[in-house]
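Presented below is the structure to which this report refers.
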Number of protein chains: 2
Amino acid sequence: MSRTHDHSGILKKVKDEIPSDELICDLADLFKLFGDTTRAKILFSLFESEMCVCAIAEFLGMTQSAISHQLKVLRDANLVGSRREGKTIYYFLADDHVRIIIDMGFEHLIEEREGR
Amino acid sequence: MSRTHDHSGILKKVKDEIPSDELICDLADLFKLFGDTTRAKILFSLFESEMCVCAIAEFLGMTQSAISHQLKVLRDANLVGSRREGKTIYYFLADDHVRIIIDMGFEHLIEEREGR
DNA sequence: TTATCATATGAATGGTTGTTCATATGAAAG
DNA sequence: CTTTCATATGAACAACCATTCATATGATAA
């Protein structure tokens with residue numbers, strides 16, 4: 001079938017073990033959320049305490065609109081939650097998974113730098 | 001200074017604790033690598049065993065060129081390594097961090113689904 | 001109700017990035 | 001040396017995405 005050299009043995013093995021396309025896509029979509037500097041900074045900010053939109057915007061030196069758009073992305077993915085207090089809406093981390101995933105990334109970065 | 005309501009207290013606290021811009025960018029760049037379906041599939045394939053470029057291409061039903069481009073990205077980030085055997089070049093996972101980071105993502109996905 | 005403050009949102013834009021196509025490299029076999 | 005096989009690479013194109021601008025929503029205060 002293939003015009004290249006044979007590797008049917010490996011292909012069969014990998015095909016049996018690899019997760020479904022859907023699962024891999026969902027996983028890629030999750031990591032994509034952490035793969036933007038602005039979103040990463042927002043998440044780091046929320047590590048310390050809940051914050052309102054304009055506080056995040058001021059802190060990051062960015063437009064309220066830009067932050068609001070990104071918060072929507074994070075909220076749609078259930079990474080952050082929000083609560084209203086008067087006119088202000090406070091955002092916070094939805095759970096501790098965010099911390100754990102980011103910490104893993106950090107460990108990789110640090111060990112890679114030590115390795116050099 | 002700000003035309004909005006005051007949040008200087010929170011800003012000071014967050015500013016003290018948040019990592020440097022450079023570190024956050026590096027972290028975002030790392031997660032970006034996992035945020036593409038093709039790269040994620042390549043990494044999952046290499047979980048099982050080392051593979052040559054054309055085996056991965058055949059397995060994923062994609063062009064050799066597309067895979068080669070992505071392997072370069074992964075190799076530049078030290079997530080995969082390669083070795084030559086005759087005409088063939090085999091790629092493999094550089095270390096176990098890749099597995100750990102991906103497993104963390106999986107855990108989050110699974111727990112999120114249970115939560116619903 | 002009207003004005004104001006905090007946030008949300010739609011459309012447009014600019015920049016990034018994954019894939020393709022054509023071609024180049026480089027090792028091994030003849 | 002020449003051909004072939006496996007992989008790499010550069011340029012071009014298309015799709016995606018983050019930001020901006022203008023405006024809308026929605027709650028509160030007057």
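All values derive from a computational prediction rather than experimental measurement.
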Rounded distance in Å - [atom1] ([X]) to [atom2] ([N]):
X       : N      : atom1 : atom2 : value
A/His5  : D/dT4  : NE2   : P     : 18 Å
B/Arg83 : C/dG26 : CZ    : C1'   : 18 Å
A/Arg39 : C/dT16 : CZ    : P     : 16 Å
A/Ile67 : C/dA6  : CD1   : P     : 16 Å
B/Met62 : C/dC21 : CE    : C1'   : 15 Å
B/Ile89 : C/dA28 : CD1   : P     : 11 Å
A/Asp29 : D/dC16 : CG    : C1'   : 12 Å
A/Lys72 : D/dT19 : NZ    : P     : 16 Å

Do any side-chain nitrogens or oxygens of [X] fall under 4.0 Å of OP1 or OP2 in [N]?
X       : N      : result
A/Arg84 : C/dT7  : no
B/Thr38 : C/dT19 : yes
A/Tyr91 : C/dA8  : yes

**Message:** Working note: B/Asp103 + B/Arg99, criterion salt bridge (Lys or Arg N to Asp or Glu O under 4.0 Å); need CA distance, chi angles, decisive distance, verdict.
**Reply:** CA-CA 6 Å; B/Asp103 282 345; B/Arg99 274 180 227 264; over 6 Å; no

Checking all strands, does [X] fall into the base, sugar-phosphate, or nothing category for heavy-atom contacts under 4.0 angstrom?
X       : value
A/Thr63 : sugar-phosphate
B/Tyr90 : nothing
B/Thr88 : sugar-phosphate

Quick one: the side chain of [X] and the base of [N], do they pair up donor-acceptor inside 3.5 Å?
X       : N      : answer
B/His69 : C/dT17 : no
B/Ser65 : C/dT19 : no
B/Gln64 : D/dA8  : yes

**Prompt:** Can the ring centres of B/Phe106 and B/Phe47 be said to be less than 6.0 Å apart?
**Reply:**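 They do not qualify: ring centres at least 6.0 Å apart.
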
**Prompt:** Below 4.0 angstrom, N of the basic side chain to O of the carboxylate: do A/Asp26 and B/Arg113 qualify?
**Reply:** yes

**Asked** So, are B/Lys41 and A/Asp21 salt-bridged, with charged N and O less than 4.0 Å apart?
**Response** yes

**Asked** For the side chain of B/Ser68 and the backbone of B/Gln64, is there at least one donor-acceptor N/O pair under 3.5 Å apart?
**Response** no

**Asked** Which comes earlier along DNA chain D counting from the 5' end, the contact point of A/Glu85 or that of A/Asp36, where each point is its nearest nucleotide?
**Response** A/Asp36

**Request:** Tell me which of A/Gln70 and B/Cys52 sits closer to the 5' end of DNA chain D, going by the nucleotide each one is nearest to.
**Result:**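 With A/Gln70 and B/Cys52 compared, the 5'-side residue is B/Cys52.
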
**Item:** Which residue lies more 5' along DNA chain C, comparing A/Lys87 with A/Arg75 via nearest heavy atoms
**Value:**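 The answer here is A/Lys87.
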
